[in-house]
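Here is the structure we will look at.
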Amino acid sequence: MSTKKLHQVRHHILICEGKSCSAEGSDKVAKRIKETVKDLDREDEILITRTSCTEQCGKGPIVIVYPDGVWYREVSPKIGSRIVSEHICNGQVIENRLLVDLQENSEL
Ligand code: FES
């Protein structure tokens, strides 16, 4: 396992790999997210962590982006890739996969 230089980290992606999200394919999502981060040469500034259950079972796979505090639901490998390329790299949230409506601050 490598050691990330934390002073370079700008974004943290949490990928739920609890039982429910795993059953929905979170492993494939994690793989695609890692590939996209590598392809875009952002490995130094993006930290990826696989988590246990994030208490949103049935809405997964769940992916969370910090420091933005954006929670995504039903993330496919393709959406995972877009989270990296569009949200993190271009600041464009993937609106149709938000778990929480950022305007209303309520669950969709
Ligand atoms: S297993 Fe992912 S929210 Fe529970």
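Only this structure's heavy atoms are used, side chains among them; waters, hydrogens and symmetry mates stay out. Everything quoted here is computed from the prediction, not taken from an experiment. Counting convention: from 1, in listed order, for ligands and their atoms alike.
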| Ion pair check, R10 and D44, cut-off under 4.0 Å | no
| C16 backbone acceptor or donor facing T54 side chain under 3.5 Å | no
| said: I'd like to know if R42 and E45 make a salt bridge, using a cut-off of under 4.0 Å between side-chain N and carboxylate O. | reply: yes
| request: Would you confirm whether N90, through its side chain, and S85, through its main-chain N or O, come within 3.5 Å as a donor-acceptor pair? | output: yes
| Should we count CG of D41 as having more than 12 external heavy atoms under 6.0 Å? | no
| note | The atoms of ligand 1 lying under 4.0 Å from a heavy atom of K19, numbered in the order shown, are 1 (S)
| message | Just checking: C21, one of its N/O/S atoms, less than 2.8 Å away from atom 4 (Fe) of ligand 1, yes or no? | response | no
| said: List ligand 1 atoms under 4.0 Å from T54, heavy atoms only on the residue side. | reply: 3 (S)
| Per-atom contacts of ligand 1 with G18, taking only distances under 4.0 Å to non-hydrogen atoms | 1 (S)
| query | Heavy-atom distance under 4.5 Å between the side chains of I64 and Y72, does that happen here? | reply | no
| field | N/O/S atom of C16 inside 2.8 Å of atom 4 (Fe) of ligand 1, strictly under | value | no
| Nearest protein heavy atom with distance in Å, relative to atom 3 (S) of ligand 1 | Q56 N, 3.2 Å
| Rounded to 10°, how many degrees is the angle SG/C57-atom 4 (Fe) of ligand 1-SG/C53? | 90°
| note | Per-atom filter on ligand 1: closer than 4.0 angstrom to a heavy atom of E55 are 3 (S)
